[in-house]
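Lettering of chains follows the sequences in order, A, B, ..., and the numbering in each one begins at 1.
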Number of protein chains: 2
Amino acid sequence: VSVELLPVEGLPEIVPGDDLADVLTPSLRAAGARDDDVVVVTQKIVSKAEGRVVPEEGEGRRAWVERETVRVVARRGDLVIAETRHGFVCANAGVDASNVEDGFLTLLPEDPDDSAERLRSGLEQRLGLRLAVVITDTFGRAWRRGLVNVAIGCAGLPSLVDLRGKTDHAGRVLEATIVALADEIAAASGLVMAKASRVPVAIVRGVVADGEPLPAHELVRPPEEDLFRRGAVED
Amino acid sequence: VSVELLPVEGLPEIVPGDDLADVLTPSLRAAGARDDDVVVVTQKIVSKAEGRVVPEEGEGRRAWVERETVRVVARRGDLVIAETRHGFVCANAGVDASNVEDGFLTLLPEDPDDSAERLRSGLEQRLGLRLAVVITDTFGRAWRRGLVNVAIGCAGLPSLVDLRGKTDHAGRVLEATIVALADEIAAASGLVMAKASRVPVAIVRGVVADGEPLPAHELVRPPEEDLFRRGAVED
């Protein structure tokens with residue numbers, strides 16, 4: 001009944017064109033991966049493998065942020081909180097300069113759910129195991145300081161688990177209890193892959209995930225449910 | 001280097017006036033609590049022990065929500081997203097009808113950081129262990145569907161960990177990387193205490209928490225940094 005979070009160490013530097021499943025297989029085998037493990041990987045290594053790395057010079061960071069933005073949600077000075085084409089709302093539309101060579105930026109994967117599914121099936125094939133995959137990024141939050149990892153891609157498990165209709169221990173039907181399972185897994189993985197210690201992959205073992213697989217795309221709140229479409233915009 | 005999440009089972013029903021440290025001690029001992037464990041407890045059992053349980057009749061739920069609200073952040077029909085006196089922004093200002101007797105509501109603890117500190121020192125005394133405590137509640141988020149646990153109280157560990165000045169593996173100084181450690185722990189605990197299974201306490205073991213203890217109050221984004229002071233208000 002317990003859950004274990006295991007860092008996966010000893011990975012080589014990921015470069016554009018790498019087949020992530022190939023590169024991760026030896027380390028996951030060494031880490032003792034098992035059936036039903038959730039393999040959590042950071043956006044950064046997925047973006048690198050997929051060639052979503054661009055030079056900061058020329059276009060410049062601001063131009064890349066604009067290209068990755070479909071809607072500015074809030075802005076203060078240089079800080080832009082933007083909606084990406086995936087529907088994620090985050091700083092700089094996910095354009096990021098950390099953990100990449102000087103002078104380069106990473107962009108979010110084109111389709112992180114698809115990236116997760118390809119990695120999942122590639123790892124299953126190579127390791128002969130039944131696995132799930134969550135791709136994480138580090139987002140800020142409205143109203144709360146500090147960053148946490150959230151899921152931007154998910155394969156092989158339900159990103160959301162609907163407890164509605166279940167009862168609490170008093171027998172009362174739970175209201176509106178839809179748990180963001182993939183975000184719980186992503187946040188938990190942050191406990192073993194702190195950004196400064198070069199651990200872009202973790203195993204989360206023991207997750208109970210009832211229900212059909214559901215991609216991370218389902219975590220995006222549709223505009224008609226969104227009470228926070230627009231924040232402050234100050235130049 | 002791994003982190004373990006352990007549900008703490010076999011707890012009795014908590015009632016107003018209970019000394020939480022007394023009530024939790026046998027179960028934590030049975031669960032094999034150790035030095036440096038983080039004991040995670042839900043808001044619900046803290047509120048119950050502290051008598052923050054009110055009858056729904058008479059005042060009615062809406063009246064309690066109003067009393068617990070210092071500022072309405074967004075509203076649609078019956079759904080109110082409100083700021084509490086602690087500065088937390090959440091649905092119904094934390095007034096909740098689940099996992100409590102029919103006809104009753106729980107309110108958030110008066111001072112959850114103080115509740116966490118009292119529980120921490122009470123448990124340390126009884127168990128003879130060095131412990132941290134995180135009190136969680138289940139919040140919705142702007143822009144993302146589904147609920148995750150966040151920290152509303154924290155004692156014995158830093159709720160925020162400042163990685164600024166540290167370098168990433170390319171030697172580049174990490175920008176703006178303040179990790180919400182207590183929220184990571186809270187979200188992780190959700191993996192072992194799904195709301196329907198009556199596990200209001202978990203142990204998180206193996207957390208690396210450099211730095212001085214910092215209460216959960218520090219997780220509240222100050223108004224001057226908050227770009228999402230006001231959402232949609234629709235009746």
**Message:** Among A:P222, A:A180, A:G231, which residue has the highest count of heavy-atom pairs closer than 4.5 Å to chain B?
**Reply:** A:A180

**Prompt:** So, for A:P7 and B:S2, which heavy atoms are closest and what is the spacing to 0.1 Å?
**Reply:** CD-CA, 4.1 Å

**Asked** If you count the non-hydrogen atoms of other residues, nucleotides and ligands that lie under 6.0 Å from CZ in A:R34, is the total more than 12?
**Response** no

**Request:** Using non-hydrogen atoms and a 4.5 Å limit, figure out which bit of A:L191 sits close to chain B: side chain, backbone, both or neither.
**Result:** both

**Message:** Take a 6.0 Å sphere around CZ of A:R71 and say whether it holds more than 12 heavy atoms from other residues, nucleotides or ligands.
**Reply:** yes

**Asked** When you look at A:V148 and B:V179, which way does the side-chain contact (heavy atoms from CB on, under 4.5 Å) test go after all the steps?
**Response** CA-CA 6 Å; A:V148 292; B:V179 172; over 6 Å; no

**Message:** With a sphere of 6.0 Å drawn around CZ of B:R62, does it hold more than 12 non-hydrogen atoms of other residues, nucleotides or ligands?
**Reply:** no

**Request:** Quick one: closest heavy-atom pair of A:E218 and B:R145, and the distance?
**Result:** O-NH1, 3.1 Å

**Request:** Identify which part of B:I203 has an atom lying under 4.5 Å from any heavy atom of chain A, answering side chain, backbone, both or neither.
**Result:** neither

**Request:** Could you please spell out the steps behind the side-chain contact (heavy atoms from CB on, under 4.5 Å) verdict for B:V1 and A:E9?
**Result:** CA-CA 10 Å; B:V1 292; A:E9 307 192 79; 4.0 Å; yes

**Request:** Heavy atoms only, distances under 4.5 angstrom: which of B:A91, B:A151, B:A202, B:A182 has the most pairs with chain A? Name it, please.
**Result:** B:A151

**Prompt:** Which heavy-atom pair separates A:A187 from B:A187 by the least distance, and what is that distance?
**Reply:** CB-CB, 3.5 Å

**Asked** Which bit of A:R205 is near chain B, if near means a heavy-atom gap under 4.5 Å: side chain, backbone, both or neither?
**Response** neither

**Asked** How many angstroms lie between CZ in A:R230 and CZ in B:F228, if you round to the nearest 0.5 Å?
**Response** 10.0 Å

**Item:** Which atom of A:R221 lies closest to which atom of B:R141, heavy atoms considered
**Value:** NH2-O, 3.3 Å

**Prompt:** What closest approach, in Å, do A:E224 and B:R76 show between heavy atoms, and which atom pair accounts for it?
**Reply:** O-NH1, 2.5 Å

**Fill in**
Exactly one of A:D183, A:V220, A:L160, A:V89 clears side chain to side chain contact (heavy atoms under 4.5 Å, CB included) with B:R144, and that residue is A:D183

**Asked** A:L227 and B:I81: which non-hydrogen atoms are nearest, and at how many Å?
**Response** CD1-CG1, 4.2 Å

**Prompt:** To the nearest 0.5 Å, what is the distance between CH2 (B:W143) and CD (A:E225)?
**Reply:** 15.5 Å

**Request:** Can you measure from CG (B:L5) to CG (A:L5) and round to the nearest 0.5 angstrom?
**Result:** 4.5 Å

